[in-house]
Amino acid sequence: MANAVQAIGASKTYGEGRIAVQALKPTDLTIPLGQICFLVGPSGSGKTTLLSLIGCVLRPTAGRVVLFGDAVSERRERDLPDLRLALVGFVFQGHNLIASLSALDNVALPLRLTGTPSLEARQRAAHLLDAVGLGKELARKPAALSGGQKQRVAIARALVGTPPLLLADEPTASLDAAAGRHVVELMVELSRKMRVTPIIVTHDNRIFDLAERIVQLEDGRIVADSLTAAAGGAVGSAT
Amino acid sequence: MLLHDRLKLAGILVGVVFATVLAGQQAGTFLGLLRKNTMFVANAGADIWIMPPSTRQFQAGDTISDAALTRARAVAGVAWAAPLWLGGATIKLPQGGAEQVQLVGIDMSRRAGGPWNLVGGDVSKLALPDAMVFEDAERERLGGLNIGSLREINGHRVRVVGFTWGLLPFGPSYAFASERLAREVLKVEQHRLSYVMVGASAGVAPDALAKRLQRQLANVKVITRESFIRNTVSYVLLRTPIGVTFGSSALFGLLVGLVIVGLTMFSAVVDNVREFGTLKAIGARNGDLALLLVGQAIAVALVGALIGLAIVGRIATAVRSPKLALDLPWPVLATLVVVMILLCVVASLLALSRVRRLEPGLVFRG
Ligand SMILES: Nc1ncnc2c1ncn2[C@@H]1O[C@H](COP(=O)(O)OP(=O)(O)OP(=O)(O)O)[C@@H](O)[C@H]1O
Ligand SMILES: [Mg+2]
């Protein structure tokens, strides 16, 4: 199976000199195409940092990050926005929707950034909102949606450009258990349908059963990495 | 995403409207004053003016020999030439005290430079002995003038035979008299006059004719109407504090507007820092965000400038009088709009620098 993500000795140090914090120690991680991978671990363990390296939000201090065979860590800083636009859909802890835009326009945004004509962008956005079960709420502003609905709009926005990667950083943190589970189920289901590789950071062990693989971080390094029952029975170390 | 915040939007609009109104009103008043100073030359009907070499703007001063008039009439391309006398005179008020006027003496055969915009009386009556025309807006100041009123000017008894409207330069108003009376009142020497006005024959270019006249006439300055107006404008701008006074008020308005708009836009960006960060995280380039900010800045500038101009228009109509008339030709209005767009674009740069420095990673932090 081809690989979606490869981190090779990738590390990240924030700041310099005496205030330097090595948030991620040199890390190797390979995620095959389509694998449903959860990143777990205590607060401050480096989950967001690793996700940021994979998502081309940050460049590693050392080591390499390769997405779909492309060594993105070697790209210039100013090429990163285009890489993000092309390769990654993001779902954040807060929904991070634009308050002044309707659900439809929020979802259409990434397409508008790639220069897709307005009409086509809105049609595709409407289609995705339908897929997340919000086909009737297109015109609503974020303030008029429930927390779970907002997060579903965010999922539609992340997937509307059909990126090959879906990265979510604690997408359930601001939701109750049922809504949180529903949101992650939706991401898993759409990822399978749209052949997207999802990487989901979560604290919530009640939804671990939705993962095919669970990578656990502690103190900036991977301390456990296992396939789950959902991966096809074999439970055990993946490395 | 900046403008959905009504309060901020209102703040930015107030800044733009304030700057437009202040700058527009100052510019209009200044241009109105300039027009008053150039009005005589612009309206007298002469293509070319002959004057003492020391003259900088249309005002009383030295005199020239009337030989210039005779010579000018003989130059090819001159359709007509007429003399003009100009001097300060003191009018005694019935209740005591005195006021100044600029007395214009005209040649009654052609009446070039003669009173125009008459709102009462009759120009031909200037031919009567001791007849004068005054400015309507100055009737009260000159002691309650009416047609038929008698006044004493420089010791001469004169009778009011008419009123002009709006002939108010920056300084004493104009009064008009026939050549004979003006010479007496102003005590002009024999064979001396203030200006010679020249009309070019059909098809003769005033520029070329002015040069020809200059070559043939000694001890005088010959310039076209347009250069005379230009000279007057630059004199007022450079030699008097008027330009600086109005210019600095207008500049002040622009500066205050710039600060209001700049700070409001900056604080709008700070308020929405998460949204800008989100846009960056999902792949918006700095250029995309710059376009968004500057586009919104231009939109507000346009709306604000139009509101501001509407207010200036209201002010202009409300204060319109012979003494104060805002002059706002369309190039000035267009310039104001462009200036407001520039102002808002410059103001948005501060906000833009904040957006540029935003790290996309901030959206991951709760
Ligand atoms: N921009 C930054 N500058 C300096 N230090 C940072 C920065 N971002 C994160 N860190 C530090 O790096 C370490 C790892 O942070 P990271 O956000 O990756 O952890 P996390 O596993 O996502 O934690 P949480 O569960 O609380 O979100 C922490 O010690 C954190 O304080
Ligand atoms: Mg985190």
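Residue numbering restarts at 1 for every chain, and letters A, B, ... go by the order of the sequence lines. Only heavy atoms go into these numbers, but all of them, side chains included; no hydrogens, no water, no symmetry mates.
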Report which part of [X] has an atom under 4.5 Å of a heavy atom belonging to chain B: side chain, backbone, both, or neither.
{"X": "A:L83", "result": "neither"}
{"X": "A:N96", "result": "both"}
{"X": "A:L113", "result": "both"}

**Request:** Report the C-alpha distance between A:L129 and A:V153 in whole Å, list the side-chain angles of each, state the deciding distance to 0.1 Å, and finish with yes or no for side chain to side chain contact (heavy atoms under 4.5 Å, CB included).
**Result:** CA-CA 7 Å; A:L129 277 167; A:V153 175; 4.1 Å; yes
Kindly compute the distance separating [atom1] ([X]) from [atom2] ([Y]), expressed to the nearest 0.5 Å.
{"X": "A:L175", "Y": "A:R152", "atom1": "CG", "atom2": "CZ", "value": "10.5 Å"}
{"X": "B:M340", "Y": "B:T335", "atom1": "CE", "atom2": "OG1", "value": "10.5 Å"}
{"X": "B:L302", "Y": "B:C344", "atom1": "CG", "atom2": "SG", "value": "9.0 Å"}

**Carboxylate-amine/guanidinium proximity below 4.0 Å for A:D105 and A:R122** =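 Yes.
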**Item:** Close contacts, residues 229-259 of chain B versus chain A, judged by heavy atoms under 4.5 Å
**Value:**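 No residue falls under the 4.5 Å cut-off.
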**Asked** With chain B, which of A:R84, A:R157, A:R112, A:E170 has the greatest number of heavy-atom pairs at distances under 4.5 Å?
**Response**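 The candidate making the most pairs under 4.5 Å is A:R84.
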**Request:** Using ring pair (Phe, Tyr, Trp, His ring centres under 6.0 Å) as the criterion, list what pairs up with A:F38, not counting sequence neighbours.
**Result:**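 With sequence neighbours excluded, A:F38 shows a ring pair (Phe, Tyr, Trp, His ring centres under 6.0 Å) to no residue whatsoever.
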**Message:** Apply side chain to side chain contact (heavy atoms under 4.5 Å, CB included) to residues A:D169 and A:V91 and explain how you reach the verdict.
**Reply:** CA-CA 6 Å; A:D169 195 359; A:V91 176; over 6 Å; no
**Residue-level interface, residues 63-81 of chain A with chain B, non-hydrogen cut-off under 4.5 Å** =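 Under the 4.5 Å heavy-atom cut-off, A:P81 qualify.
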**Request:** Evaluate the criterion side chain to side chain contact (heavy atoms under 4.5 Å, CB included) for residue pair A:L109 and B:L279; output intermediate values, then yes/no.
**Result:** CA-CA 9 Å; A:L109 244 168; B:L279 287 178; 3.8 Å; yes
**Item:** A:T49 side chain to A:S52 side chain, donor-acceptor N/O pair below 3.5 angstrom
**Value:**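 No donor-acceptor contact under 3.5 Å links the two side chains.
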**Enclosure of A:H127 NE2 (heavy-atom neighbours >12, cutoff 6.0 Å)** =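 Counting other residues, nucleotides and ligands, NE2 of A:H127 stays at 12 neighbours or fewer.
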**Request:** Among residues two or more places apart or on two chains, list those pairs meeting side chain to side chain donor-acceptor pair (under 3.5 Å) that have a residue in residues 348-364 of chain B.
**Result:**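 Of all non-adjacent pairs touching residues 348-364 of chain B, none passes side chain to side chain donor-acceptor pair (under 3.5 Å).
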